[in-house]
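Everything below concerns the one structure shown next.
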Amino acid sequence: MSETIICIEWIDSASYEDGLWKTEKEKDELVPMRIKSAGILVNEDNTYITLAGSINNFDKELEAQYGELITIPKFAIVKRWNFPRSFLE
């Protein structure tokens with residue numbers, strides 16, 4: 001079980017959700033979003049990082065369950081901060 005709290009600043013895609021026609025001005029206003037996400041590091045490989053906002057059963061002999069999962073491609077990451085559990089105690 002990971003004991004690392006992580007904060008990631010990353011670039012996300014942007015789109016209009018309504019699917020309607022857009023003006024020249026609206027077209028120019030659509031830009032990628034700069035996002036900050038924080039959570040418990042639950043998986044990392046060469047391609048992506050997965051964070052969880054919550055984990056239950058982490059201290060029991062039951063299978064853990066993960067809530068508020070997000071997987072972020074590493075190529076989209078601008079900055080990263082790791083905080084070991086000891087930082088929080």
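Note that the structure is predicted; figures quoted are calculated from it, not measured.
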Point to revise | Full working for side-chain contact (heavy atoms from CB on, under 4.5 Å) between Lys36 and Ile8 | key: CA-CA 6 Å; Lys36 282 189 180 175; Ile8 295 174; over 6 Å; no
Point to revise | Among Thr4, Ile5, Ile6, Leu41, side-chain contact (heavy atoms from CB on, under 4.5 Å) partner for Phe83 | key: Ile5
If you measure from [atom1] on [X] to [atom2] on [Y], what distance do you get to the nearest 0.5 Å?
| X | Y | atom1 | atom2 | result |
| --- | --- | --- | --- | --- |
| Asn43 | Tyr66 | CG | OH | 9.0 Å |
| Ile40 | Ser54 | CD1 | OG | 6.5 Å |
| Glu26 | Leu20 | CD | CG | 9.0 Å |

Taking all non-hydrogen atoms of both residues, which atom of [X] and which atom of [Y] are closest, and how far apart?
| X | Y | value |
| --- | --- | --- |
| Lys22 | Tyr16 | CE-CG, 3.4 Å |
| Val42 | Ala52 | CG1-CB, 3.8 Å |
| Leu51 | Ala38 | CD1-C, 4.1 Å |

For residues 69-79, run the donor-acceptor check on the side chains, cut-off 3.5 Å, and write out each pair with its distance to 0.1 Å, sequence neighbours left out.
from, atom 1, to, atom 2, distance (Å)
Thr71, OG1, Thr50, OG1, 2.9
Lys74, NZ, Glu44, OE2, 2.9
Lys74, NZ, Asp45, O, 2.8

Check your understanding: Do the non-hydrogen side-chain atoms of Met33 and Trp10 ever get within less than 4.5 Å of each other?
Key -> no
**Study point:** Sub-4.5 Å side-chain heavy-atom contact between Arg34 and Ile11
**Key:** yes
Point to revise | More than 12 heavy atoms from other groups under 6.0 Å of CD on Gln65 | key: no
